Amino acid sequence: MSQYIEISRQGAVQTIRMNRPEKKNAITRAMYSDMKNAMAAGEADDAIRCHVFLGVPGAFSAGNDMQDFLAYATTGGDMPEVIGFLETLALLKKPVVSGVDGLAIGIGTTIHLHCDLTIATPRSLFRTPFVDLGLVPEAASSFLAPGIMGHQKAFALLALGDDFSAEDALSAGLIYKIVSEDDLELETLKLATRVASRAPEALQISRRLMKQTPDLVIARIHEEAQLFSERLRSNEAREAFVAFMTRKKS
Ligand code: COA
């Protein structure tokens, strides 16, 4: 188990917390793997009725670890931990609630497209700099985001890499509501507990009816991943990763 992922249970709610504050919760391969396993364990346990994702104060997640991106860009290979995480996330049957404070970048934003209820604080910042990094959208975001927020806002988020404030995210339908920093964790848990208190079978069926067809979501995850992995080895991407890794040295 990675030291950066904490799993806890509060009644029928299982919380997965990313806890790597010194790197703004950038997600490593081990972290993806642990989160995938935790989701699978929660799905298999009848005592768990709702999944929760949390970060730390100021950082939900700064996205995929750039060092890992650079390694993929240099040595090639696929990203099985990321794909495994995304597939598990997309195929969850139990509802998912997330609580965001601060940075929500890359997968830190796109993960919420798979969540049922997301709460964020006023200082939260949603951003997907895929194209600026020479990359393409992931996590089936190119399929899910236009359906949730319309093509134009999805384009501004995913292609232009525009910053979305908490208010922007609320008006785009990416999040459910905004609460203060002090209230975030309690409100997230309260909401998840309410979700968990509903008749579980009826809730799961209702959720499934409201979700996009899982087959299409999984297919898009794979299509994006193929292109993403090609783009990782492009000069555009390599230069962007090196620029990030060396930005503090001059
Ligand atoms: N991967 C690896 N390390 C990361 C990271 C990431 N995605 N995001 C932040 N970090 C690290 C920084 O390298 C820094 O480490 P250091 O103290 O050892 O130098 C530490 O986290 C703090 O980040 P810093 O950049 O100093 O904080 P900031 O508040 O000025 O900026 C961000 C925060 C998130 C805006 C900025 O770090 C950033 O743009 N990160 C990259 C985000 C990204 O593009 N993710 C991929 C999306 S597909």
Side-chain angles (χ1 to χ4, degrees), residues 2-5 18-36 53 55-56 58-90 100-114 124-145 154-164 169 174 220-250:
S2 155
Q3 65 193 106
Y4 303 124
I5 298 296
M18 292 170 278
N19 188 11
R20 196 190 179 202
E22 67 282 8
K23 296 290 183 188
K24 310 278 182 186
N25 275 352
I27 308 177
T28 62
R29 300 171 65 164
M31 290 166 73
Y32 282 115
S33 188
D34 287 346
M35 290 196 285
K36 176 200 152 160
F53 282 99
V56 293
F60 178 77
S61 173
N64 201 100
D65 189 281
M66 293 292 241
Q67 195 74 55
D68 282 359
F69 270 167
L70 190 57
Y72 290 125
T74 313
T75 59
D78 54 10
M79 303 183 290
E81 296 87 355
V82 181
I83 299 297
F85 168 82
L86 293 177
E87 284 179 341
T88 304
L89 176 68
V100 178
D101 179 39
L103 297 165
I105 304 193
I107 185 75
T109 285
T110 55
I111 190 174
H112 308 295
L113 298 167
H114 296 268
S124 296
L125 172 73
F126 298 85
R127 177 195 294 160
T128 60
F130 299 123
V131 171
D132 287 339
L133 292 171
L135 302 172
V136 294
E138 38 68 316
S141 56
S142 63
F143 176 57
L144 296 172
F155 187 88
L157 179 72
L158 298 177
L160 212 49
D162 272 4
D163 287 351
F164 275 47
L174 179 63
R220 183 59 64 92
I221 286 173
H222 286 278
E223 185 182 352
E224 290 172 343
Q226 174 66 35
L227 295 164
F228 198 97
S229 128
E230 286 167 24
R231 295 302 310 162
L232 275 174
R233 290 188 280 283
S234 68
N235 285 337
E236 288 176 352
R238 222 185 322 256
E239 283 165 17
F241 304 148
V242 171
F244 177 77
M245 301 311 299
T246 56
R247 75 201 185 291
K248 290 181 180 171
K249 289 189 181 148
S250 52

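Since the model is a prediction, treat every value here as computed from it, not as a measurement.
- Of all non-hydrogen atoms in Gly84 and Thr88, the two that sit nearest each other are O-OG1, 2.8 Å.
- A distance of 11.5 Å separates CE of Met18 from OG1 of Thr28, quoted to the nearest 0.5 Å.
- The backbone N or O of Gly58 sits less than 3.5 Å from a side-chain atom of Asp101, completing a donor-acceptor pair.
- Between Ile111 and Leu89 there is a side-chain heavy-atom pair separated by less than 4.5 Å.
- Side chains of Leu135 and Phe241 form a contact here, defined as non-hydrogen atoms less than 4.5 Å apart.
- Ala104 approaches Thr109 most closely through the heavy-atom pair O-OG1, 2.5 Å.
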Quiz item: Glu87 and His222: side-chain contact (heavy atoms from CB on, under 4.5 Å), yes or no, with the steps?
Solution: CA-CA 9 Å; Glu87 284 179 341; His222 286 278; 2.6 Å; yes
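- Here the shortest heavy-atom pairing between Met66 and Leu133 reads CE-CD2, 3.7 Å.
- Outside the 6.0 Å centre-distance limit, the rings of Phe126 and Phe60 are not counted as a close aromatic pair.
- The heavy-atom pair separating Gly108 from His112 by the smallest distance is O-NE2, 2.8 Å.
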Quiz item: Please walk me through it: do Asn25 and Val56 pass side-chain contact (heavy atoms from CB on, under 4.5 Å)?
Solution: CA-CA 8 Å; Asn25 275 352; Val56 293; 3.6 Å; yes
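- Side chain of Arg238 to main chain of Ala73: a donor-acceptor pair is present (N/O by atom type, distance under 3.5 Å, no hydrogens or angles).
- Between Lys23 atom NZ and Met31 atom CE the span is 12.5 Å, to the nearest 0.5 Å.
- Salt bridge status for Asp163 with Arg127: present, with a side-chain N to carboxylate O gap under 4.0 Å.
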Self-check item: Steps toward side-chain contact (heavy atoms from CB on, under 4.5 Å) verdict (Ile27, Met35)
Solution: CA-CA 10 Å; Ile27 308 177; Met35 290 196 285; 3.9 Å; yes
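- In this structure, the side chain of Thr74 engages the main chain of Leu70 through a donor-acceptor pair within 3.5 Å.
- The two atoms that bring Leu86 and Ile221 nearest to each other are O-CD1, 3.8 Å, heavy atoms only.
- With sequence neighbours excluded, no residue forms a ring-ring contact (aromatic ring centres under 6.0 Å, His included) with Phe244.
- Take Ser124 and apply the side chain to side chain donor-acceptor pair (under 3.5 Å) test, not counting sequence neighbours, and it matches Thr121.
- The two atoms that bring Gly106 and Pro129 nearest to each other are N-CD, 4.2 Å, heavy atoms only.
- With sequence neighbours excluded, no residue satisfies side chain to side chain donor-acceptor pair (under 3.5 Å) with Asp132.
- Within the structure, every pair that satisfies the salt bridge (Lys or Arg N to Asp or Glu O under 4.0 Å) test and touches residues 222-231, not counting sequence neighbours, is listed here: Arg220-Glu223, Arg231-Glu236.
- Annotation: side chain of Phe164 is in contact with side chain of Asp162 (closest heavy-atom distance under 4.5 Å).
- If you take CD on Gln226 and CD1 on Ile83, they are separated by 10.0 Å, rounding to the nearest 0.5 Å.
- Evaluation of the ring-ring contact (aromatic ring centres under 6.0 Å, His included) rule for Tyr72 yields no partner, not counting sequence neighbours.
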Practice problem: Run the numbers on Arg20 and Asp65 for salt bridge (charged side-chain N to carboxylate O under 4.0 Å, His left out), then give the verdict. | Solution: CA-CA 11 Å; Arg20 196 190 179 202; Asp65 189 281; 2.7 Å; yes
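- In this structure, Phe130 has no ring-ring contact (aromatic ring centres under 6.0 Å, His included) partners at least two apart in sequence or on a different chain.
- Between Pro21 and Asn19 the shortest side-chain heavy-atom distance falls below 4.5 Å.
- A distance of 8.0 Å separates CG in Leu157 from OG in Ser141, rounded to the nearest 0.5 Å.
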Practice problem: Please test Tyr4 against Asp34 for side chain to side chain donor-acceptor pair (under 3.5 Å), starting from the C-alpha separation and ending with a verdict. | Solution: CA-CA 9 Å; Tyr4 303 124; Asp34 287 346; over 6 Å; no
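- We find the OG-CD1 distance between Ser61 and Ile105 to be 8.0 Å, quoted to the nearest 0.5 Å.
- No side-chain heavy atom of Glu138 sits under 4.5 Å from any side-chain heavy atom of Asn64.
- The backbone N or O of Ala139 lies less than 3.5 Å from a partner atom in the side chain of His114, making a donor-acceptor pair.
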Quiz prompt | CA sep, side-chain torsions, deciding dist, call: Arg233, Ser229, side-chain contact (heavy atoms from CB on, under 4.5 Å) | solution = CA-CA 7 Å; Arg233 290 188 280 283; Ser229 128; 3.5 Å; yes
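- Here the side chains of Leu113 and Phe143 are not in contact, with every heavy-atom distance at 4.5 Å or above.
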